[in-house]
**Student:** 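The structure's right below; bear with me while I get my questions together.
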Amino acid sequence: MKRIKLNILLNSDFSEKKVLIKGWVRTKRNSKTFSFLEINDGSTLKNIQVIADDKLENYSDIKKITISSGISIIGKIVKSLGKGQKFEIIASNIEIISLALETYPLQKKRHSDEFLRTIAHLRPRTNKYGAVFRIRSELYFAIHKFYRDRGFKYLSSPIITSSDCEGAGEMFKITTFDPYFTAQKNGLDIKNDFFGQETNLTVSGQLCAEMFAMALGDVYTFGPTFRAENSNTTRHVAEFWMLEPEMAFCDLNQNMDHGEELIKYLTNYVTEHCNEDLALFTKFVDKNLSKTIEIIINSTYERITYSEAIEIINKSGKKFKHIIQWGKDLQSEHEKFLADDYFKKPVFITNYPREIKPFYMRLNSDNKTVAAMDLLVPRIGEIIGGSQREERLNVLEKQMSKNKLSREKYWWYLDSRRFGSVPHSGFGMGFERFLMLITGINNIRDVIPFPRTPGSIDF
RNA sequence: UCCCCAGUAGCUCAGUUGGCAGAGCAAUUGGCUGUUAACCAAUGGGUCCGCGGUUCAAGUCCGUGCUGGGGAGCCA
């Protein structure tokens, strides 16, 4: 007999049919001569109720079954006599595959997110985290579908790299040297290390993506990204996933069009394909989530320049902890004010001062600003950071020497400006931040399977 | 890295002016013919985060360290 998964079973009509299901016991309620077992197999948020009565030969064992035990059930689908579910299974055979210990830490009650983080290996077994990670999985597919439908090519940019994408943050060093041994023994030369030069985990695939955009036109990279910043916030982790499209013959406005289309597409995809799981978040996690999602899908995202943003902030009359003036970067409180209070929807901020942005962003004709764009969204803040890239060799070289970057090291990057350089643009979207946006979850550690943060590397 | 807050049973938390360590849930055992975080009864369960100090006496006061949370910076 072929096993059927609950997502199929619960979404079709199997009444009066005999089925085989396998899963884990979420909860059990005993009466004298029969028991209710609720089974979940991970394919869907929903459980199925199974009735086991004392006619089963191993009923005495079933009565003692513990939460999270793995079991296999053959039974008939019938209309439920009780309230709360349409169908249930009358079991004709139950096999206890594995009896869980009674010390299983997850109980039939709500646990705090902090506690669940300490048992990150078990938390996907809860309703909430199961839902998060099913949505996460669907989103991977949605991203590839979005890009494939638009003729983009997927590029896996390297994770080990010798280039630091200027301004992206501290990097994790990679070495085969034993660092303790190295510290003791002088005279060890980096030339003898695996790559023969300083090597790091990538902080961005952008520079590689630019090379491929000059060959394949429209490309995207999507993979793990590493930042060794000592950040302790609800929005930062040391290992996260970043989506980075890079488009040839594309200016800043088209770049923003693309970003807006992407966010809307992904959000819409989740509402269409993850309905049940999403409902958990609108019901229990964030009461305003439906409204937020509606705004993300249906509003036209505001587009203002950095200079206009400064003006809005300073004219607002609102008191801020940090004083903002032209040339300084926007602080979190300013970003929150713009997205949450002032516009109450996603807003692109463009044309930042060149001094506070990396070397590769295209210098505007005012000579003071660069063609940068950040997308700020309510509650989360920055979710996209991107720019039109500097395609003019001489301007790029000047910017590099200003930032004290060696032309020799970036020879390959500069080559792209020597051989058929064209305007191009791209951005990075924080995958986990997007998940936070559409689930209403407030801590980035709760939308990634095993979060890596300073001092925390368990699991 | 800086600022603020917290750490008591497996979980969530109470603990008064410094004076015998508590509750609900969970677990275990038993009961119950339709339950829905089932219900009813009984039982077991503690390094009060660690270290040091003040005191006749510290979960409670002081110092310090660790861990967790929130905020800031950095960014996606």
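Order of the sequence lines fixes the chain letters, A, B, ..., with proteins taken first and strands second; residue numbering starts at 1 for each chain. Hydrogens, waters and symmetry mates play no part in the numbers below; they use all other heavy atoms, side chains included.
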**Student:** Taking side chain as C-beta onward, heavy atoms only, is A:Lys128 less than 4.5 Å from A:Arg110?
**Tutor:**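 A:Lys128 vs A:Arg110: side chains apart.
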
**Student:** How many whole angstroms separate atom CD1 of A:Ile90 from atom C1' of B:U35?
**Tutor:**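 Rounded to whole Å, this separation is 13 Å.
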
**Student:** Under 5.5 Å between ring centres and under 30° between planes: true for A:Phe36 and the base of B:G34?
**Tutor:**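 No; by the centre-distance and plane-angle rule, A:Phe36 does not count as stacking on B:G34.
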
**Student:** Taking atom C1' in both B:U28 and B:G45, what distance in whole Å separates the two?
**Tutor:**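 Taking atom C1' in both B:U28 and B:G45, they lie 10 Å apart.
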
**Student:** In whole Å, what is the span from the CD atom of A:Glu246 to the P atom of B:A76?
**Tutor:**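 About 14 Å, once rounded to whole Å.
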
**Student:** State whether A:Arg445 places a side-chain N or O below 4.0 Å from either non-bridging phosphate oxygen (OP1 or OP2) of B:G69.
**Tutor:**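 Yes, A:Arg445 has a side-chain N/O under 4.0 Å of OP1/OP2 on B:G69.
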
**Student:** Expressed in whole Å, how much space separates the C1' atoms belonging to B:G73 and B:C25?
**Tutor:**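 41 Å, rounded to whole Å.
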
**Student:** With a non-hydrogen cut-off below 4.0 angstrom, is A:Ile444 in contact with a base, only sugar-phosphate, or nothing?
**Tutor:**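 Answer is base: heavy atoms of A:Ile444 come under 4.0 Å of a base.
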
**Student:** Given B:G68, B:U33, B:U35, which nucleotide is nearest the side-chain atoms of A:Glu88?
**Tutor:**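 Among the listed nucleotides, the one closest to the side chain of A:Glu88 is B:U35.
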
**Student:** Could you check how far CG of A:Leu101 sits from C1' of B:U28, rounded to whole Å?
**Tutor:**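 For the pair A:Leu101 CG and B:U28 C1', the rounded distance is 14 Å.
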
**Student:** Once hydrogens and angles are ignored, does a donor-acceptor distance under 3.5 Å link the base of B:U35 to the side chain of A:Asn30?
**Tutor:**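 Per atom types, no contact qualifies.
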
**Student:** Distance between the P atoms of B:A26 and B:C39, in whole angstroms?
**Tutor:**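 The same atom, P, in both gives a distance of 7 Å.
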
**Student:** In whole Å, what is the span from the CG atom of A:Leu330 to the P atom of B:A76?
**Tutor:**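 A:Leu330 atom CG is separated from B:A76 atom P by 14 Å.
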
**Student:** Please state whether the base of B:U35 and the side chain of A:Gln49 form at least one donor-acceptor pair under 3.5 Å?
**Tutor:**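 Pair found.
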
**Student:** Do A:Phe226 and A:Glu239 have side chains that get closer than 4.5 Å, going by heavy atoms?
**Tutor:**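 They are in contact (side-chain heavy atoms under 4.5 Å apart), so the answer is yes.
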
**Student:** Would one find a side-chain N or O of A:Arg110 under 4.0 angstrom from OP1 or OP2 of B:C13?
**Tutor:**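 No, because none of the side-chain N or O atoms of A:Arg110 sits under 4.0 Å from OP1 or OP2 of B:C13.
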
**Student:** Nearest of B:U28, B:A76, B:G70 to any side-chain atom of A:Asn443?
**Tutor:**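 When the side chain of A:Asn443 is considered, B:G70 is the closest of B:U28, B:A76, B:G70.
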
**Student:** Could you tell me how far apart A:His334 (NE2) and B:A72 (P) are, to the nearest whole angstrom?
**Tutor:**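 Going from A:His334 (NE2) to B:A72 (P), I get 12 Å.
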
**Student:** Could you tell me the separation between the CZ atom of A:Phe115 and the P atom of B:C11, rounded to a whole number of Å?
**Tutor:**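 Whole-Å distance recorded here is 5 Å.
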
**Student:** Ignoring hydrogens and angles, does a donor from either the side chain of A:Gln107 or the base of B:G10 sit under 3.5 Å from an acceptor on the other?
**Tutor:**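 Indeed there is one.
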
**Student:** Within the 4.0 Å heavy-atom criterion, would you say A:Gln85 contacts the bases, only the backbone, or no part of the nucleic acid?
**Tutor:**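 The residue A:Gln85 makes base contact.
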
**Student:** Picking from B:C32, B:A72, B:G69, which would you name as closest to the side chain of A:His322?
**Tutor:**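 Output: B:A72.
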
**Student:** On RNA chain B, compare the nucleotides closest to A:Ser31 and A:Ala238; which residue's is nearer the 5' end?
**Tutor:**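 Final value for this comparison: A:Ser31.
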
**Student:** Please report the distance separating the C1' of B:U47 from the corresponding atom of B:U43, rounded so that it comes out in whole Å.
**Tutor:**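 Result for the C1' pair: 24 Å, nearest Å.
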
**Student:** For the P atoms, the ones on B:G50 and on B:C66, what distance do you get once it is rounded to whole angstrom?
**Tutor:**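 One P to the other, the span is 15 Å.
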
**Student:** Mind checking A:Lys83 for me? I need base, sugar-phosphate or nothing, with any heavy atom below 4.0 Å counting as a touch.
**Tutor:**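 Base, at least one base heavy atom under 4.0 Å.
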
**Student:** Suppose we call two aromatic rings close when their centres sit under 6.0 Å apart. Are A:Tyr147 and A:Phe222 close by that rule?
**Tutor:**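 Judged by ring-centre distance (under 6.0 Å), A:Tyr147 and A:Phe222 do not meet the cut-off.
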
**Student:** Looking at every strand, decide which applies to A:Ser112 at a 4.0 Å heavy-atom threshold: base, sugar-phosphate, or nothing.
**Tutor:**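 The residue A:Ser112 makes sugar-phosphate contact but no base contact.
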
**Student:** I need the CD-C1' distance between A:Glu114 and B:C13, as an integer number of Å.
**Tutor:**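 For the pair A:Glu114 CD and B:C13 C1', the rounded distance is 14 Å.
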
**Student:** Between A:Asn11 and A:Glu276, does the side chain to side chain contact (heavy atoms under 4.5 Å, CB included) criterion hold? Intermediate values first, please.
**Tutor:** CA-CA 12 Å; A:Asn11 287 312; A:Glu276 273 175 18; 4.1 Å; yes

**Student:** Applying a 4.0 Å non-hydrogen cut-off, can you work out what A:Gly82 is touching in the nucleic acid: base, sugar-phosphate, or nothing?
**Tutor:**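 If one applies the 4.0 Å heavy-atom cut-off, A:Gly82 turns out to touch a base.
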
**Student:** Quick one: on RNA chain B, does A:Lys64 or A:Thr233 contact a more 5' nucleotide (nearest heavy atom)?
**Tutor:**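 Its nearest nucleotide being more 5', the pick is A:Lys64.
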
**Student:** Verify whether the ring centers belonging to A:Tyr265 and A:His258 lie closer than 6.0 Å.
**Tutor:**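 A:Tyr265 vs A:His258: aromatic centres not under 6.0 Å.
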
**Student:** Any N or O donor-acceptor pair linking the side chain of A:Arg433 to the base of B:C75 at under 3.5 Å?
**Tutor:**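 For A:Arg433, whose side chain was compared with the base of B:C75, there is a donor-acceptor pair (under 3.5 Å).
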
**Student:** Take atom P in B:G65 and the same atom in B:C2, then report the distance between them in whole Å.
**Tutor:**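 Taking atom P in both B:G65 and B:C2, they lie 11 Å apart.
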
**Student:** How would you label the contact of A:Arg117 with the nucleic acid (heavy atoms, under 4.0 Å): base, sugar-phosphate, or nothing?
**Tutor:**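 The answer is sugar-phosphate, as A:Arg117 gets under 4.0 Å only of primed atoms, P, OP1 or OP2.
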
**Student:** Return the value, rounded to whole Å, for the distance between atom OH of A:Tyr352 and atom P of B:C74.
**Tutor:**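 After rounding, the reported distance stands at 12 Å.
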
**Student:** Can the ring centres of A:Phe450 and A:His121 be said to be less than 6.0 Å apart?
**Tutor:**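 A:Phe450 vs A:His121: aromatic centres not under 6.0 Å.
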
**Student:** Could you check whether A:Arg150 makes a cation-pi contact with A:Phe146, meaning its NZ or CZ is under 6.0 Å from the centre of the six-membered ring and within 45° of the ring axis?
**Tutor:**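 A:Arg150 over A:Phe146 ring: yes.
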
**Student:** Where the side chain of A:Asn230 is defined as all heavy atoms beyond and including C-beta, which of B:U33, B:U1, B:G34 is the nearest nucleotide?
**Tutor:**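 In terms of side-chain proximity for A:Asn230, the closest of B:U33, B:U1, B:G34 is B:U1.
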
**Student:** With a 3.5 Å cut-off and heavy atoms only, can you find an N or O donor on one side and an acceptor on the other between the side chain of A:His111 and the base of B:C11?
**Tutor:**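 Not at all, since no donor on one side and acceptor on the other fall under 3.5 Å apart.
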
**Student:** With a non-hydrogen cut-off below 4.0 angstrom, is A:Gln331 in contact with a base, only sugar-phosphate, or nothing?
**Tutor:**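 The residue A:Gln331 makes sugar-phosphate contact but no base contact.
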
**Student:** A:Lys109 has a side chain; which of B:C75, B:U12, B:G71 sits nearest to it?
**Tutor:**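 That would be B:U12.
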
**Student:** Can you tell me, in whole Å, how much space there is between the P of B:C74 and that of B:G69?
**Tutor:**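 Taking atom P in both B:C74 and B:G69, they lie 22 Å apart.
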
**Student:** Is there a donor and acceptor pair, one atom on the side chain of A:Ser231 and one on the base of B:C74, closer than 3.5 Å?
**Tutor:**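 Checked by distance alone, the answer is yes.
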
**Student:** Answer yes or no: is there a donor N or O on one side and an acceptor on the other, between the side chain of A:Lys79 and the main chain of A:Glu16, under 3.5 Å?
**Tutor:**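 No, A:Lys79 side chain to A:Glu16 backbone: no donor-acceptor pair under 3.5 Å.
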
**Student:** Hey, is the side chain of A:Ser332 poking within less than 4.0 Å of OP1 or OP2 on B:G73, counting only N and O atoms?
**Tutor:**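 So the side-chain polar atoms of A:Ser332 do come within 4.0 Å of the phosphate oxygens OP1 or OP2 of B:G73, strictly under.
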
**Student:** Can you tell me how far P in B:A42 sits from the matching atom in B:A23, rounded to whole Å?
**Tutor:**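 Rounded to whole Å, the distance is 13 Å.
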
